[in-house]
Amino acid sequence: MEKIQLLEECKDAKNIFISGHVRPDGDCIGSCLAMYLYLRKALPEAVVKVSLEEPSEVFRCIKGFDEIDGTYAVDGEVDVFIALDCEKSRLGEAEEIFANARKRINIDHHVSNERGCGDVNYIVAGSSSTAELVYELFDRQYMDAEIAKAVYIGIVHDTGIFNYSNTSPKTLRAAAELIEYGFDFTEVIDETFYEKTYTQNQLLGRALLESIMFMGGKCIVSVIDKKTLDFYNASSKDLEGVINQLRITKGVECAIFMYETGNLEYKVSLRSCKYVDVRKVAAFFGGGGHVRAAGCTINGTFYDAINNISKQIELQMKEYKEKNKKME
Ligand code: AMP
Ligand code: MN
Ligand code: MN
(Lines give C-alpha, C1' and ligand atoms only; values in the text may rest on other atoms or scores of the structure.)
(Ligands and ions follow the chains in the order given, each with its own letter.)
Protein backbone atom coordinates (compact mmCIF):
# COMPACT_ATOMS: atom_id res chain seq x y z
CA MET A 1 0.00 0.00 0.00
CA GLU A 2 1.24 3.51 -0.84
CA LYS A 3 2.50 5.74 1.90
CA ILE A 4 0.12 8.47 3.01
CA GLN A 5 0.95 12.14 3.52
CA LEU A 6 0.24 12.26 7.22
CA LEU A 7 0.77 15.99 7.84
CA GLU A 8 -1.07 16.92 4.65
CA GLU A 9 -4.04 14.81 5.78
CA CYS A 10 -4.08 16.50 9.19
CA LYS A 11 -3.08 20.05 8.32
CA ASP A 12 -6.57 21.62 8.51
CA ALA A 13 -7.68 19.67 11.56
CA LYS A 14 -8.44 21.50 14.79
CA ASN A 15 -9.26 18.39 16.76
CA ILE A 16 -7.22 15.23 16.32
CA PHE A 17 -8.05 12.07 18.24
CA ILE A 18 -5.64 9.13 18.47
CA SER A 19 -6.51 5.66 19.76
CA GLY A 20 -5.67 1.98 19.41
CA HIS A 21 -6.99 -1.41 20.40
CA VAL A 22 -8.48 -2.55 23.70
CA ARG A 23 -6.00 -4.14 26.13
CA PRO A 24 -3.24 -2.11 24.47
CA ASP A 25 0.18 -3.74 24.08
CA GLY A 26 3.58 -2.11 23.70
CA ASP A 27 3.20 -1.53 19.97
CA CYS A 28 -0.20 0.06 20.42
CA ILE A 29 0.92 2.33 23.27
CA GLY A 30 4.26 3.16 21.60
CA SER A 31 2.64 4.06 18.26
CA CYS A 32 -0.15 6.10 19.85
CA LEU A 33 2.24 8.11 22.01
CA ALA A 34 4.75 8.57 19.19
CA MET A 35 1.92 9.88 16.99
CA TYR A 36 0.71 12.12 19.80
CA LEU A 37 4.15 13.64 20.47
CA TYR A 38 4.84 14.03 16.76
CA LEU A 39 1.57 15.74 15.85
CA ARG A 40 1.74 18.09 18.81
CA LYS A 41 5.14 19.18 17.62
CA ALA A 42 4.44 19.30 13.89
CA LEU A 43 0.96 20.85 14.18
CA PRO A 44 1.11 23.07 17.26
CA GLU A 45 -2.22 24.76 16.42
CA ALA A 46 -4.21 21.53 16.59
CA VAL A 47 -5.68 20.04 19.76
CA VAL A 48 -4.36 16.48 19.87
CA LYS A 49 -5.81 13.87 22.21
CA VAL A 50 -4.82 10.30 22.89
CA SER A 51 -7.16 7.81 24.54
CA LEU A 52 -6.40 4.20 25.48
CA GLU A 53 -7.82 1.59 27.82
CA GLU A 54 -5.72 1.22 31.01
CA PRO A 55 -2.19 1.13 29.62
CA SER A 56 0.28 -0.85 31.69
CA GLU A 57 2.37 1.25 34.11
CA VAL A 58 5.61 -0.07 32.62
CA PHE A 59 5.09 2.33 29.74
CA ARG A 60 5.20 5.35 32.04
CA CYS A 61 8.76 5.88 30.78
CA ILE A 62 7.31 7.13 27.47
CA LYS A 63 6.73 10.87 27.34
CA GLY A 64 3.03 11.75 27.26
CA PHE A 65 1.97 8.63 29.20
CA ASP A 66 0.21 10.78 31.81
CA GLU A 67 -1.75 12.56 29.12
CA ILE A 68 -3.44 9.36 27.93
CA ASP A 69 -7.13 9.84 28.65
CA GLY A 70 -8.89 6.69 29.78
CA THR A 71 -12.30 8.37 29.81
CA TYR A 72 -12.49 8.84 26.02
CA ALA A 73 -13.89 12.35 26.46
CA VAL A 74 -14.23 14.50 23.33
CA ASP A 75 -14.64 18.26 23.15
CA GLY A 76 -16.71 19.02 20.08
CA GLU A 77 -16.27 17.39 16.74
CA VAL A 78 -13.26 15.28 15.86
CA ASP A 79 -11.75 16.39 12.55
CA VAL A 80 -9.26 13.56 12.22
CA PHE A 81 -9.34 10.24 14.06
CA ILE A 82 -6.18 8.17 13.83
CA ALA A 83 -6.77 4.48 14.60
CA LEU A 84 -3.53 2.63 15.25
CA ASP A 85 -2.61 -1.06 15.40
CA CYS A 86 -6.17 -2.31 14.83
CA GLU A 87 -9.35 -2.10 12.83
CA LYS A 88 -12.39 -0.26 14.15
CA SER A 89 -14.06 -3.23 15.86
CA ARG A 90 -11.19 -3.42 18.37
CA LEU A 91 -11.27 0.26 19.28
CA GLY A 92 -13.54 -0.40 22.25
CA GLU A 93 -15.01 2.82 23.62
CA ALA A 94 -13.37 4.82 20.85
CA GLU A 95 -15.33 3.04 18.10
CA GLU A 96 -18.21 5.48 18.31
CA ILE A 97 -15.88 8.48 18.19
CA PHE A 98 -14.24 6.91 15.14
CA ALA A 99 -17.63 6.49 13.46
CA ASN A 100 -18.51 10.16 13.98
CA ALA A 101 -15.15 11.66 13.01
CA ARG A 102 -14.92 13.82 9.86
CA LYS A 103 -11.87 11.97 8.56
CA ARG A 104 -10.57 8.60 9.65
CA ILE A 105 -6.99 7.48 9.25
CA ASN A 106 -6.07 3.86 9.87
CA ILE A 107 -2.47 2.67 10.22
CA ASP A 108 -1.97 -1.02 10.97
CA HIS A 109 0.04 -4.16 10.22
CA HIS A 110 -2.57 -6.86 10.89
CA VAL A 111 -3.23 -9.26 8.00
CA SER A 112 -6.79 -9.46 9.24
CA ASN A 113 -7.21 -5.74 8.47
CA GLU A 114 -6.11 -6.04 4.84
CA ARG A 115 -7.85 -2.99 3.40
CA GLY A 116 -8.06 -0.77 6.44
CA CYS A 117 -11.16 0.76 7.94
CA GLY A 118 -10.39 4.44 7.43
CA ASP A 119 -11.01 7.00 4.72
CA VAL A 120 -7.23 7.09 4.46
CA ASN A 121 -5.30 3.89 5.13
CA TYR A 122 -1.75 2.77 5.50
CA ILE A 123 -1.80 -0.98 6.04
CA VAL A 124 1.32 -3.08 5.55
CA ALA A 125 0.69 -6.63 6.73
CA GLY A 126 4.32 -7.67 6.46
CA SER A 127 5.54 -4.88 8.69
CA SER A 128 6.94 -5.75 12.12
CA SER A 129 4.76 -3.31 13.98
CA THR A 130 2.51 -0.31 13.67
CA ALA A 131 5.31 1.68 15.29
CA GLU A 132 7.58 0.91 12.32
CA LEU A 133 4.85 2.14 9.94
CA VAL A 134 4.18 5.27 11.91
CA TYR A 135 7.88 6.08 11.85
CA GLU A 136 7.94 5.70 8.04
CA LEU A 137 5.33 8.44 7.82
CA PHE A 138 7.05 10.91 10.14
CA ASP A 139 8.80 13.91 8.65
CA ARG A 140 12.34 13.63 10.03
CA GLN A 141 12.56 17.35 10.82
CA TYR A 142 10.17 16.86 13.76
CA MET A 143 11.81 13.74 15.15
CA ASP A 144 13.47 13.86 18.57
CA ALA A 145 14.71 11.46 21.25
CA GLU A 146 11.31 11.15 22.98
CA ILE A 147 9.45 10.32 19.77
CA ALA A 148 12.22 7.90 18.78
CA LYS A 149 11.96 6.16 22.16
CA ALA A 150 8.18 5.69 21.80
CA VAL A 151 8.61 4.21 18.31
CA TYR A 152 11.47 1.98 19.45
CA ILE A 153 9.43 0.57 22.35
CA GLY A 154 6.59 -0.23 19.94
CA ILE A 155 8.94 -2.11 17.59
CA VAL A 156 10.72 -3.90 20.43
CA HIS A 157 7.46 -5.24 21.86
CA ASP A 158 5.96 -6.56 18.63
CA THR A 159 9.20 -8.20 17.50
CA GLY A 160 10.10 -9.75 20.87
CA ILE A 161 13.22 -7.58 20.80
CA PHE A 162 13.98 -8.13 17.10
CA ASN A 163 13.58 -11.87 17.46
CA TYR A 164 10.29 -12.86 15.77
CA SER A 165 10.13 -13.58 12.06
CA ASN A 166 8.34 -10.27 11.44
CA THR A 167 11.70 -8.53 11.99
CA SER A 168 13.12 -7.40 8.64
CA PRO A 169 16.28 -5.60 7.53
CA LYS A 170 14.04 -2.54 7.27
CA THR A 171 13.01 -2.95 10.92
CA LEU A 172 16.63 -3.09 12.00
CA ARG A 173 17.53 -0.08 9.84
CA ALA A 174 14.71 1.86 11.48
CA ALA A 175 15.92 0.75 14.92
CA ALA A 176 19.48 1.85 14.08
CA GLU A 177 18.22 5.28 13.05
CA LEU A 178 16.07 5.53 16.16
CA ILE A 179 18.83 4.86 18.67
CA GLU A 180 20.86 7.61 17.03
CA TYR A 181 18.44 10.10 18.54
CA GLY A 182 20.01 9.26 21.87
CA PHE A 183 17.72 7.67 24.45
CA ASP A 184 18.65 4.88 26.82
CA PHE A 185 17.66 1.88 24.70
CA THR A 186 18.92 -0.65 27.22
CA GLU A 187 16.87 0.76 30.03
CA VAL A 188 13.63 0.82 28.03
CA ILE A 189 13.94 -2.88 27.23
CA ASP A 190 14.61 -3.79 30.86
CA GLU A 191 11.84 -1.58 32.17
CA THR A 192 9.13 -2.42 29.69
CA PHE A 193 9.98 -5.94 28.58
CA TYR A 194 12.02 -8.02 31.01
CA GLU A 195 11.08 -6.63 34.39
CA LYS A 196 8.23 -8.58 36.02
CA THR A 197 6.35 -7.86 39.22
CA TYR A 198 6.19 -10.53 41.89
CA THR A 199 2.55 -11.17 40.95
CA GLN A 200 3.48 -11.61 37.30
CA ASN A 201 6.17 -14.12 38.21
CA GLN A 202 3.82 -16.05 40.45
CA LEU A 203 1.17 -16.24 37.74
CA LEU A 204 3.78 -17.25 35.17
CA GLY A 205 4.94 -19.98 37.54
CA ARG A 206 1.43 -21.30 37.97
CA ALA A 207 0.71 -21.18 34.26
CA LEU A 208 3.87 -23.16 33.48
CA LEU A 209 3.35 -25.64 36.29
CA GLU A 210 -0.19 -26.41 35.20
CA SER A 211 0.48 -26.40 31.46
CA ILE A 212 -0.39 -29.48 29.43
CA MET A 213 1.41 -30.80 26.36
CA PHE A 214 -0.69 -32.57 23.75
CA MET A 215 -0.64 -33.75 20.13
CA GLY A 216 2.54 -35.65 20.83
CA GLY A 217 4.23 -32.61 22.36
CA LYS A 218 3.59 -30.34 19.37
CA CYS A 219 1.10 -28.23 21.31
CA ILE A 220 1.05 -26.79 24.78
CA VAL A 221 -1.85 -25.17 26.59
CA SER A 222 -2.32 -23.42 29.88
CA VAL A 223 -5.26 -21.67 31.46
CA ILE A 224 -5.72 -19.26 34.34
CA ASP A 225 -9.20 -19.00 35.77
CA LYS A 226 -10.97 -15.98 37.20
CA LYS A 227 -10.64 -17.27 40.76
CA THR A 228 -6.85 -17.33 40.48
CA LEU A 229 -6.73 -13.89 38.90
CA ASP A 230 -8.92 -12.54 41.72
CA PHE A 231 -6.76 -14.26 44.35
CA TYR A 232 -3.68 -12.42 43.06
CA ASN A 233 -5.72 -9.28 42.43
CA ALA A 234 -4.37 -9.47 38.89
CA SER A 235 -5.55 -8.35 35.48
CA SER A 236 -4.68 -9.24 31.89
CA LYS A 237 -1.61 -6.97 32.09
CA ASP A 238 -0.12 -9.35 34.69
CA LEU A 239 -0.23 -12.20 32.18
CA GLU A 240 1.98 -10.57 29.58
CA GLY A 241 4.85 -12.88 28.68
CA VAL A 242 3.20 -16.17 29.70
CA ILE A 243 2.45 -17.15 26.11
CA ASN A 244 6.03 -16.43 25.02
CA GLN A 245 7.42 -18.72 27.69
CA LEU A 246 5.01 -21.50 26.63
CA ARG A 247 5.99 -21.05 22.98
CA ILE A 248 9.69 -21.70 23.55
CA THR A 249 9.07 -25.12 25.12
CA LYS A 250 11.28 -27.57 23.20
CA GLY A 251 9.40 -29.45 20.49
CA VAL A 252 6.35 -27.20 20.59
CA GLU A 253 4.96 -25.79 17.35
CA CYS A 254 1.87 -24.16 18.75
CA ALA A 255 1.23 -22.59 22.17
CA ILE A 256 -2.15 -21.65 23.57
CA PHE A 257 -2.77 -19.54 26.61
CA MET A 258 -6.24 -18.80 27.90
CA TYR A 259 -7.55 -16.78 30.79
CA GLU A 260 -11.10 -16.43 31.99
CA THR A 261 -12.53 -12.98 31.34
CA GLY A 262 -16.09 -13.73 32.43
CA ASN A 263 -18.45 -16.58 33.10
CA LEU A 264 -17.65 -19.15 30.40
CA GLU A 265 -15.66 -16.59 28.45
CA TYR A 266 -11.96 -16.93 27.68
CA LYS A 267 -9.41 -14.64 26.06
CA VAL A 268 -7.16 -16.86 23.99
CA SER A 269 -3.61 -16.13 22.84
CA LEU A 270 -2.03 -18.27 20.16
CA ARG A 271 1.60 -18.47 19.03
CA SER A 272 3.35 -20.74 16.57
CA CYS A 273 6.98 -21.38 15.66
CA LYS A 274 7.28 -22.54 12.07
CA TYR A 275 4.24 -23.54 10.08
CA VAL A 276 0.88 -23.27 11.84
CA ASP A 277 -0.96 -20.12 10.74
CA VAL A 278 -2.49 -19.10 14.07
CA ARG A 279 -4.24 -16.11 12.51
CA LYS A 280 -6.35 -18.62 10.59
CA VAL A 281 -7.14 -20.49 13.81
CA ALA A 282 -8.07 -17.26 15.61
CA ALA A 283 -10.13 -16.08 12.64
CA PHE A 284 -12.21 -19.27 12.86
CA PHE A 285 -13.32 -18.06 16.29
CA GLY A 286 -13.89 -14.46 15.20
CA GLY A 287 -10.47 -13.16 16.23
CA GLY A 288 -7.40 -12.23 14.23
CA GLY A 289 -3.78 -11.17 14.39
CA HIS A 290 -0.69 -12.38 12.58
CA VAL A 291 0.59 -15.70 11.19
CA ARG A 292 2.75 -16.41 14.26
CA ALA A 293 0.78 -14.46 16.91
CA ALA A 294 -2.97 -14.15 17.11
CA GLY A 295 -5.83 -13.97 19.54
CA CYS A 296 -9.56 -14.39 19.98
CA THR A 297 -12.29 -14.68 22.58
CA ILE A 298 -14.11 -18.00 22.99
CA ASN A 299 -17.32 -18.69 24.87
CA GLY A 300 -17.91 -22.04 26.54
CA THR A 301 -16.07 -24.30 28.95
CA PHE A 302 -12.29 -24.55 28.89
CA TYR A 303 -12.56 -28.13 27.61
CA ASP A 304 -14.86 -27.19 24.73
CA ALA A 305 -12.62 -24.29 23.82
CA ILE A 306 -9.44 -26.35 23.79
CA ASN A 307 -11.14 -29.17 21.87
CA ASN A 308 -12.32 -26.79 19.19
CA ILE A 309 -8.99 -25.00 18.93
CA SER A 310 -7.10 -28.32 18.71
CA LYS A 311 -9.29 -29.40 15.81
CA GLN A 312 -8.31 -26.30 13.86
CA ILE A 313 -4.63 -26.75 14.61
CA GLU A 314 -4.77 -30.44 13.76
CA LEU A 315 -6.25 -29.67 10.34
CA GLN A 316 -3.30 -27.46 9.54
CA MET A 317 -0.78 -29.95 10.89
CA LYS A 318 -2.28 -32.68 8.70
CA GLU A 319 -2.13 -30.42 5.66
CA TYR A 320 1.48 -29.59 6.41
CA LYS A 321 2.39 -33.25 6.81
CA GLU A 322 0.75 -34.17 3.50
CA LYS A 323 2.43 -31.31 1.67
CA ASN A 324 5.80 -32.42 2.99
CA LYS A 325 5.14 -36.02 2.01
CA LYS A 326 4.40 -34.97 -1.55
CA MET A 327 7.62 -33.03 -1.73
CA GLU A 328 9.69 -35.98 -0.56
P1 AMP B 1 -2.37 -11.41 22.00
O2 AMP B 1 -2.36 -12.89 22.07
O3 AMP B 1 -3.57 -10.80 22.65
O4 AMP B 1 -1.07 -10.81 22.44
O5 AMP B 1 -2.53 -11.05 20.48
C6 AMP B 1 -1.65 -11.47 19.49
C7 AMP B 1 -1.88 -10.68 18.23
O8 AMP B 1 -3.19 -10.92 17.74
C9 AMP B 1 -1.79 -9.17 18.42
O10 AMP B 1 -1.26 -8.60 17.26
C11 AMP B 1 -3.22 -8.75 18.61
O12 AMP B 1 -3.37 -7.42 18.20
C13 AMP B 1 -3.97 -9.74 17.74
N14 AMP B 1 -5.28 -10.07 18.33
C15 AMP B 1 -5.52 -10.53 19.57
N16 AMP B 1 -6.84 -10.72 19.78
C17 AMP B 1 -7.46 -10.36 18.63
C18 AMP B 1 -8.82 -10.32 18.21
N19 AMP B 1 -9.83 -10.69 19.00
N20 AMP B 1 -9.07 -9.87 16.95
C21 AMP B 1 -8.07 -9.49 16.12
N22 AMP B 1 -6.76 -9.53 16.47
C23 AMP B 1 -6.45 -9.95 17.69
MN1 MN C 1 -1.15 -4.64 19.23
MN1 MN D 1 1.10 -4.40 16.52
Side-chain angles (χ1 to χ4, degrees), residues 20-25 27-28 83 85-92 95 106 108-117 123-127 130 158 160 164-166 207 211-226 236 239-240 242-244 246-247 249 251-324:
H21 58 78
V22 288
R23 290 191 284 259
D25 51 17
D27 181 30
C28 182
D85 200 36
C86 65
E87 45 136 343
K88 63 180 178 195
S89 66
R90 292 183 72 218
L91 282 170
E95 193 177 343
N106 187 201
D108 190 13
H109 67 130
H110 286 90
V111 204
S112 38
N113 183 20
E114 209 176 353
R115 289 206 191 101
C117 60
I123 315 289
V124 184
S127 183
T130 299
D158 257 21
Y164 306 152
S165 56
N166 59 359
S211 64
I212 303 163
M213 299 257 262
F214 62 106
M215 280 192 209
K218 285 201 180 68
C219 290
I220 189 164
V221 64
S222 191
V223 63
I224 293 214
D225 60 17
K226 189 95 185 22
S236 65
L239 299 169
E240 195 102 341
V242 173
I243 185 70
N244 291 333
L246 290 170
R247 184 188 70 90
T249 313
V252 161
E253 165 60 19
C254 197
I256 306 151
F257 177 61
M258 308 175 35
Y259 65 89
E260 205 178 357
T261 43
N263 191 27
L264 293 179
E265 187 190 87
Y266 290 90
K267 163 77 179 74
V268 181
S269 283
L270 297 153
R271 300 290 185 271
S272 64
C273 292
K274 289 199 180 83
Y275 57 89
V276 171
D277 180 348
V278 287
R279 185 206 57 85
K280 240 185 182 172
V281 178
F284 186 84
F285 300 99
H290 314 280
V291 181
R292 299 277 167 265
C296 58
T297 296
I298 296 187
N299 294 298
T301 66
F302 164 69
Y303 294 101
D304 282 343
I306 194 63
N307 264 335
N308 292 331
I309 296 169
S310 315
K311 268 184 212 146
Q312 294 307 310
I313 296 172
E314 212 163 12
L315 280 175
Q316 285 198 39
M317 287 193 166
K318 264 192 195 142
E319 239 173 63
Y320 177 79
K321 231 180 177 174
E322 269 156 31
K323 222 179 8 201
N324 273 10

Heavy-atom pair of closest approach, residues [X] and [Y]:
{"X": "V278", "Y": "A294", "value": "O-CB, 3.5 Å"}
{"X": "E260", "Y": "K226", "value": "OE1-N, 2.9 Å"}
{"X": "N106", "Y": "G116", "value": "OD1-CA, 3.5 Å"}
{"X": "C296", "Y": "A282", "value": "CB-O, 3.8 Å"}
{"X": "C219", "Y": "I313", "value": "SG-CG2, 3.9 Å"}
{"X": "V22", "Y": "G92", "value": "CG1-CA, 3.5 Å"}

Candidate pair V276 and Y320, rule side chain to side chain contact (heavy atoms under 4.5 Å, CB included), full reasoning:
CA-CA 8 Å; V276 171; Y320 177 79; over 6 Å; no
Any donor-acceptor N or O pair under 3.5 Å, side chains [X], [Y]:
{"X": "E265", "Y": "T261", "value": "yes"}
{"X": "D158", "Y": "H290", "value": "no"}
{"X": "Y164", "Y": "N244", "value": "yes"}

Are side-chain heavy atoms of [X] and [Y] found at a separation under 4.5 Å?
{"X": "V268", "Y": "F285", "result": "no"}
{"X": "V252", "Y": "R247", "result": "no"}
{"X": "C86", "Y": "L91", "result": "yes"}
{"X": "L264", "Y": "N299", "result": "no"}
{"X": "Q312", "Y": "K280", "result": "no"}
{"X": "L239", "Y": "K267", "result": "no"}
{"X": "I309", "Y": "L270", "result": "yes"}
{"X": "R90", "Y": "H110", "result": "yes"}

Counting only heavy atoms from other residues, nucleotides and ligands, does the tally under 6.0 Å from CZ of F214 exceed 12?
yes
Roughly how far apart are [X] [atom1] and [Y] [atom2], rounded to 0.5 Å?
{"X": "M317", "Y": "L315", "atom1": "CE", "atom2": "CG", "answer": "11.0 Å"}
{"X": "I123", "Y": "C117", "atom1": "CD1", "atom2": "SG", "answer": "7.0 Å"}
{"X": "I298", "Y": "I306", "atom1": "CD1", "atom2": "CD1", "answer": "8.0 Å"}
{"X": "Q316", "Y": "D277", "atom1": "CD", "atom2": "CG", "answer": "5.5 Å"}
{"X": "E314", "Y": "K321", "atom1": "CD", "atom2": "NZ", "answer": "9.5 Å"}
{"X": "I224", "Y": "Y266", "atom1": "CD1", "atom2": "OH", "answer": "11.5 Å"}

Go through the steps for V221 and F302 under the test side chain to side chain contact (heavy atoms under 4.5 Å, CB included), then give the verdict.
CA-CA 11 Å; V221 64; F302 164 69; 4.2 Å; yes
Looking only at atom types and distance, does a side-chain atom of T130 sit under 3.5 Å from a main-chain N or O of D108, one as donor and one as acceptor?
no
Evaluation steps, side chain to side chain contact (heavy atoms under 4.5 Å, CB included), between S310 and M215
CA-CA 9 Å; S310 315; M215 280 192 209; 3.8 Å; yes
Run the side chain to side chain contact (heavy atoms under 4.5 Å, CB included) test on S222 and V242 for me, step by step, so that the C-alpha distance in whole Å, both residues' side-chain angles and the decisive distance to 0.1 Å come before the verdict.
CA-CA 9 Å; S222 191; V242 173; 5.6 Å; no
